[in-house]
Amino acid sequence: MKPKLGIASDHGGFALKEFLRKSLEESFEVVDYGTKSEASVDYPTIIGDACRKVLAGEVPRLIALCGTGIGASIAANRIPGIRAALCHDEFTAEMSRRHNNANVIVLGGRVLGTDLALRIVQKWIDTDFEGGRHERRLGLVEEQKP
Ligand code: RB5
């Protein structure tokens with residue numbers, strides 16, 4: 001059985017989402033939470049709903065996209081339990097797993113080329129959380145108050 005992976009975007013990330021979904025489908029059961037076309041949609045709704053699927057245990061991790069990745073990461077990180085990392089390179093993708101245990105990776109569909117985006121995602125998928133002192137720090141993140 002293939003491992004599950006969620007993916008979601010607004011219209012700004014749609015083209016890159018489609019490329020990533022097709023590229024990853026050979027190795028993963030990719031659950032596509034939309035959007036399904038280039039028609040304009042609101043990123044907080046679509047990304048927020050997909051993040052709640054992660055928290056519900058429907059998928060262990062989510063790839064989220066919008067045009068820049070900024071709106072999607074802001075929206076995702078408002079949801080307690082979501083650790084969303086906006087990544088433009090392989091190093092930050094790797095560190096977002098090793099140190100931050102990011103359960104959502106966010107990409108800018110209007111920022112990244114397809115090959116680079118796939119390499120970033122692959123690095124994020126392949127890297128494990130280190131735990132230890134980083135677990136304590138993530139606990140402190142959870143304790144942050146408004
Ligand atoms: C949509 O035009 C665009 O604003 C959105 O995809 C994203 O880049 C927001 O941060």
Side-chain angles (χ1 to χ4, degrees), residues 2-130 134 137-146:
K2 294 179 192 174
K4 275 179 141 187
L5 197 56
I7 196 163
S9 77
D10 74 351
H11 53 290
F14 175 73
L16 185 55
K17 173 177 76 70
E18 290 299 290
F19 170 81
L20 291 173
R21 181 177 57 72
K22 288 171 195 157
S23 304
L24 293 164
E25 265 170 357
E26 196 181 324
S27 308
F28 294 89
E29 184 190 337
V30 184
V31 183
D32 187 351
Y33 296 114
T35 188
K36 304 286 184 177
S37 78
E38 303 274 1
S40 183
V41 290
D42 297 327
Y43 64 81
T45 308
I46 205 144
I47 300 302
D49 287 348
C51 285
R52 280 181 278 277
K53 302 294 186 186
V54 176
L55 297 178
E58 195 171 294
V59 288
R61 292 202 230 165
L62 175 76
I63 303 166
L65 306 96
C66 65
T68 58
I70 296 170
S73 57
I74 291 172
N77 280 313
R78 291 295 292 268
I79 301 172
I82 293 297
R83 295 173 301 280
L86 173 56
C87 296
H88 299 310
D89 57 76
E90 289 177 72
F91 177 69
T92 46
E94 179 183 345
M95 298 312 285
S96 81
R97 291 291 309 141
R98 286 176 55 183
H99 287 191
N100 311 111
N101 199 14
N103 50 9
V104 177
I105 188 168
V106 188
L107 305 172
R110 296 173 179 158
V111 179
L112 297 170
T114 50
D115 288 3
L116 177 60
L118 187 56
R119 288 172 63 141
I120 289 170
V121 166
Q122 200 61 60
K123 178 65 78 176
W124 180 74
I125 288 169
D126 291 344
T127 307
D128 291 327
F129 179 48
E130 283 179 8
H134 303 296
R137 289 167 185 163
L138 289 180
L140 295 169
V141 169
E142 292 300 322
E143 287 173 18
Q144 295 292 316
K145 300 277 185 295

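Counting starts at 1 for both ligands and their atoms, following the listed order. The structure displayed is predicted, hence computed values, not measured ones.
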| task | Among all protein heavy atoms, pick the one closest to atom 5 (C) of ligand 1 and tell me residue, atom and distance. | result | Asp10 OD2, 3.2 Å
| field | Backbone of Ala84 reached by a side-chain donor or acceptor of Asn77 within 3.5 Å | value | yes
| field | Heavy-atom protein neighbour under 4.0 angstrom from atom 2 (O) of ligand 1 | value | yes
| query | Is there side-chain contact between Asn101 and Arg97, with heavy atoms separated by less than 4.5 Å? | reply | yes
| request: Pull out every atom of ligand 1 sitting under 4.0 Å from any heavy atom of Gly67, numbered as shown with elements. | output: 5 (C), 6 (O), 7 (C), 8 (O)
| Between Leu62 and Ile82, is any pair of side-chain heavy atoms under 4.5 Å apart? | no
| message | Does atom CD (Glu38) have a neighbourhood of more than 12 heavy atoms from anything else shown, all under 6.0 Å? | response | yes
| note | protein heavy-atom neighbour closest to atom 4 (O) of ligand 1 works out as Tyr43 CE2, 4.7 Å
| message | Under a 4.0 angstrom heavy-atom cut-off, which atoms of ligand 1 come close to His11? | response | 1 (C), 2 (O)
| query | Nearest to atom 10 (O) of ligand 1, what protein heavy atom do you find, and at what distance? | reply | Gly71 N, 2.9 Å
| field | Shortest protein contact, atom 8 (O) of ligand 1 (heavy atom only) | value | Thr68 N, 3.0 Å
| query | Nearest protein heavy atom to atom 7 (C) of ligand 1, by residue and atom, and its distance? | reply | Cys66 SG, 3.3 Å
| query | Does Phe91 offer a backbone N or O that forms a donor-acceptor pair with the side chain of Asp89 under 3.5 Å? | reply | yes
| Taking everything shown except Arg119 itself, do over 12 heavy atoms lie less than 6.0 Å from its CZ? | no
